[in-house]
Amino acid sequence: MNYQHNLQRLLLKIPHGKVSTYREIAHAMGMCAYRFVGQLLHKNPHPDKFPCYKVVQSDGKLGGFALGDAEKIRRLKADGVSVKNGKVVDFTHKFHRFS
DNA sequence: TTTACGGCTAGGT
DNA sequence: AACCTAGCCGTAA
């Protein structure tokens, strides 16, 4: 059982049309190293196979994406989450909490 | 062992 | 609201 696996499991638990944050994920993994979550996502061997684009910053800003911000926006939109001015629209309502 | 560095965050200007 | 700063915690080198 490693962090990667854990992370992927959590990603898959995010409902369609919703997003989560680095901080929330870190907490759900039983740690407080939210920055580390970013590293894991960046090193994700299959960015195409896991919804890593569904993870944004705690204030609703996009954060980053290995394949580029534009691509992240595209995927979010395709998932039912619209982005405007680099922020998730109606973020608080689209935020999914694991607990 | 130490250093540098992240797809960050919270807090202050 | 936008920008800056200092913490944050595991890795990798």
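Each chain gets a letter, A, B and so on, in the order the sequences are listed, and its residues count up from 1.
- Contact annotation for A:Val55: base contact, defined as any heavy-atom pair under 4.0 Å involving a base atom.
- Using a 4.0 Å cut-off, some side-chain N or O of A:Ser58 falls inside it from OP1 or OP2 of B:dA10.
- With C:dG7, C:dC9, B:dG7 as the candidates, the nucleotide lying closest to the side chain of A:Tyr34 is C:dG7.
- Between C:dG10, B:dG7, B:dC8, one nucleotide has an atom nearer to the side chain of A:Arg35 than all others, and that is B:dC8.
- Side-chain atoms of A:Asp59 come within 3.5 Å of backbone atoms of A:Lys61 as a donor-acceptor pair (strictly under, hydrogens ignored).
- Rounded to a whole Å, the CZ atom of A:Phe36 is 15 Å from the P atom of B:dT9.
- Distances were taken from every side-chain heavy atom of A:Ala66 (C-beta onward) to each of B:dC8, C:dT11, B:dG7; the shortest belongs to B:dG7.
- Side-chain atoms of A:Gln39 lie closest to B:dG6 of the nucleotides B:dG6, C:dT11, B:dT9.
- In this entry the distance linking NE2 of A:His42 with P of B:dG7 reads 5 Å, nearest Å.
- OP1 or OP2 of B:dA10 lies within a sub-4.0 Å distance of a side-chain N or O belonging to A:Arg23.
- Between C:dG7 and B:dG7, the two P atoms lie 22 Å apart (nearest whole Å).
- Between the side chain of A:Lys54 and the backbone N or O of A:Leu11 there is no donor-acceptor pair closer than 3.5 Å.
- Distances shorter than 4.0 Å separate some side-chain N or O of A:Lys87 from OP1 or OP2 on C:dA2.
- Ring geometry, A:His96 versus A:Phe98: the interplanar angle exceeds 60°, so the pair is classed perpendicular (tilted spans 30 to 60°).
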